[in-house]
Amino acid sequence: MFQSPASRIDAKLAVVFQSLGLPAHLARVQPSDRPELGDLQCNGALGGARDLRRAPRLIAEDIASCLRGDPAFASVEVAGPGFVNLRLSTDFLAACAADMAADDRLGIADEGRGRLVILDFGGPNVAKPLHVGHLRSLVLGESLRRIHAALGWRTHADAHLGDWGLQMGMLSAAIRHRAPELAYFQPASGQPYPANPPVTLQELERLYPEAAAACRADPERMAEARSDTAALQAGDPGLLALWHALRALSLEAQVADFRELGIVFDALDGESDVRDAIAPLVERLLASGVARQSDGALVVDVAEPDDCHDVPPLLLAKSDGAALYATTDLATLEARAAMSGLARVVYVVDQRQALHFAQVFRAAGKAGIAPGVELLHAGFGTVNGRDGKPFKTRDGGVAKLTDLLDEAVERAAARIDESGHGAGLDDAGRRSLARQVGIGAVKFADLSGDRLSGYVFDADRLVAFEGRTGPYLQYACVRLRSLLDKAAGFASGPVVPVLDEERDLLLSCLGFAGAVSEAGRELQPGILAEYAFGVAQRFSRFYAACAVIGEPDPTVRASRLGLCVLTRRVLETSLDLLGMDVPPRM
Ligand code: ARG
C-alpha cells in the first residue's frame, strides 16, 4: 500500500518521540521551508521544550541522533533554535515511487468508504439564463464531486433548481399582460392548454428582467405577481400548466450549458419537488415548539450564546403562507436525509448566502432533521471584471455564462493561431482544441486560489500558455503524452532519482494523494490546482535538464521514463479531478 514519504517519516518520528518522552502530536514533518537544507523538516523539539524543561536545540540533537543511521535519510541536520532538517535517501524515494506506481489509486485514501455525499451546486432559477454568478458554483461543485468520488465517496450531484418562488408569479403576470387571452388565464373554460410554450427561449430570457423591473416599479404589478405565486402554489391548473411549460423551456437551455462545462447532474430536483412537504413540516415545527409566532410570521430562533455576530431567527413562514427559501431548504434536507448512507451535504453557493446556511443548519439541528449528517457550506467569492467589481457586460448588464465561455474560447483560438499550437490541425480540430483550452482556462482560473476570495476574469490572461494558467497545465500533459508515445519502443523501469530535477519532480508527484485529501478536507479544489501547477513546473525543469529518449544509459533512461509515466498519471488525474480536459494535442 502506498504511503506518502511524509506519513512514513511521521511514523518513524512517533517511535523516536515516544522513546524521548515527547508528546506524540509533535511527531510531524512538513515540507522544508528551505529546500536547500532538506526535503522535510520537523519542528517538534520547539514544542516539546517546555514539557521536558530542556533547551530545544538539545532535544533536536537527541531526535537527530536517533534518526541518523536510518537508511531512509541521506542526511539529518539540526539548524537554528531546534529544527531537524531531513534529506531523504535515494533508496527511500525509489521505494516510495515503486509503491505509488504499483497503486491504481496513486495512493489516494479511501476516506469516504462508500458513504454518500450530496453536492448541491449550480442552483439556477427557472427562466433566468445561467450567468456569471453560476460559473463558480458549477465549476467548484463539479470538482468537489470528483474529488469526493476519488476519495471513495458515493456522490450525488443535485442542481436544486429555483423553480417555485416569486419569479414564477412575476413571469405569469407579465405574460398575462401581453396575452390575457391565453388558455392558462381562462379558469374553467375547458380550452386545452397550448402544446408549445407561449414564448421562445430568447423571449423568456428577455421577459424575466422586464417582469422583475415592472414589479419593482409598480406595486400593483407586484401584488399581482404575489397573488399568482400564491395561486400557483395552491395548485391553480392554468398557472401550473404555464409553470410546466416555462420550466421545461429554461431547463433545456440550462442543461445544454451544463453539458458545455462537462457536467451531468444525478438529479435536477428543485424547490418545487418538496412543495407538499412544506406545510406538514411547518406544522410539526410549530407543534414541537421549535418554531414560534412572531408578528404574524413563524420563526425558528437559531442564535447561540457564544455567537460573535447577530444570527437572526430563521423565517419559516410569512403571514401570507408563501413558501420561503429557508423552509424549502429544510424540507429538501429532510427528503435527502432519507437517502441511504447519507453522511454529508455540501452546498456550493455564493458566500453572500453564508448566513442563510448557518440559519438552515442550526434550524435543522434543533428540529432533528438529518441528524448525524455533516452539513457544509462551501462558499465562494465573486467573479470580477478588470475594475475589481462583479463582472458585467460592456453595457453594464449581467454576463451570460455562454457569452463568458465563448469569449474565452475565442481568445484561446487566437492564442492557438498566434503561437502555432494549432499547426497541422483542420478547422474542426482547431475549434475543438480552442474549446478545450478556453474552457479549461476558465475552470483553472475559477478553481485556483482560495474559493472564498473573488478573482478577476481577464480572458486574455487566463488563456495564456505561460504562467499560472490552465493551458500551461494542459500543455504539460500533452508534452508528456507525445514524449511517451515516441518512447513506446523503450522500456520504463524503477524510478531512481539522481539529479536534483528528478528528485524534485518525484517528490512533488509523491505528494499527490496528500493534496487530494487536503483539497477534500478543506473543500478547496484550489489546493489541488496549485499542487498540479507545481508538478507541471517541476516537469518543465526536469524536461529541460534531463534527456529522456536521448539518454544513452538504459537504466537511467528507464528510470526517467518511469518518472514521466508517473508524472503523466498524476497530472492527468489532477486535471480530471479539476474537471479539465486534456487535449489530444496542442
Ligand atoms: N437558487 C438559489 C439562488 O439563486 C441557489 C440555490 C442554492 N442551493 C440551495 N440549496 N439553497 O440563489
Side-chain angles (χ1 to χ4, degrees), residues 122-131 133-134 138 158-216 218 221-261 263-276 322-323 328 397-403 405-406:
N125 291 337
V126 165
K128 294 197 213 175
L130 294 182
H131 58 74
H134 296 108
L138 288 166
D158 183 351
H160 196 67
L161 307 169
D163 62 358
W164 203 236
L166 183 61
Q167 83 270 25
M168 302 313 309
M170 290 178 169
L171 281 168
S172 57
I175 293 176
R176 187 189 297 100
H177 276 260
R178 286 166 32 143
E181 71 287 354
L182 287 175
Y184 306 114
F185 309 118
Q186 315 302 325
S189 69
Q191 280 182 60
Y193 300 119
N196 295 320
V199 287
T200 65
L201 181 66
Q202 285 71 26
E203 285 167 337
L204 178 62
E205 292 182 349
R206 244 177 300 128
L207 190 64
Y208 179 76
E210 276 170 36
C215 286
R216 269 195 306 275
D218 175 5
R221 175 68 83 82
M222 182 59 113
E224 209 178 311
R226 285 197 194 288
S227 102
D228 267 14
T229 309
L232 170 72
Q233 293 181 352
D236 179 283
L239 292 176
L240 262 176
L242 177 60
W243 172 80
H244 268 295
L246 298 181
R247 185 183 191 277
L249 182 65
S250 93
L251 192 55
E252 196 183 321
Q254 291 171 346
V255 167
D257 288 355
F258 298 155
R259 206 177 308 123
E260 182 79 6
L261 285 167
I263 300 172
V264 178
F265 282 98
D266 298 294
L268 290 167
D269 291 343
E271 297 177 349
S272 66
D273 286 285
V274 292
R275 61 200 186 210
D276 297 331
T328 313
V398 178
K400 277 174 61 170
L401 183 65
T402 42
D403 294 344
L405 296 181
D406 288 348

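All residue numbers in this chain count up from 1 along the given sequence. Nothing here was measured: the structure is a model prediction, and the numbers come from that model. Hydrogens, waters and symmetry mates play no part in the numbers below; they use all other heavy atoms, side chains included.
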message = Under the salt bridge (Lys or Arg N to Asp or Glu O under 4.0 Å) definition, can you give me all pairs with a residue in residues 181-195, not counting sequence neighbours?
response = none
key: Pairs where residues 183-196 contributes a residue and the test salt bridge (Lys or Arg N to Asp or Glu O under 4.0 Å) is met, not counting sequence neighbours   = none
side-chain contact (heavy atoms from CB on, under 4.5 Å) partners of [X], counting only residues at least two apart:
X	answer
Ala223	none
His177	Arg221, Glu224
Ala183	Gln191, Tyr193, Pro194
Glu252	none

ask   = Judged by atom type as modelled, is there a donor-acceptor pair below 3.5 Å linking the side chain of Gln186 to the main-chain atoms of Leu182?
value = yes
key: Heavy-atom donor-acceptor pair, Asp163 side chain to Glu271 backbone, under 3.5 Å   = yes
key: For His134, all residues meeting ring-ring contact (aromatic ring centres under 6.0 Å, His included), sequence neighbours excluded   = His131
For [X], give me all partners under salt bridge (charged side-chain N to carboxylate O under 4.0 Å, His left out), at least two apart in sequence or on another chain.
X	value
Lys400	Glu205
Asp406	Arg435
Asp158	Arg336

key: Heavy-atom closest contact (Leu138 atom, Phe265 atom, distance)   = CD2-CZ, 3.9 Å
Would you list the atom pairs, donor with acceptor, under 3.5 Å between side chains in residues 235-242 and any protein atom, with sequence neighbours excluded?
residue, atom, partner, partner atom, Å
Asp236, OD1, Gly238, N, 3.1
Asp236, OD1, Leu239, N, 2.9

ask   = Can you list the residues that meet the side chain to side chain donor-acceptor pair (under 3.5 Å) rule with Ser250, with sequence neighbours excluded?
value = none
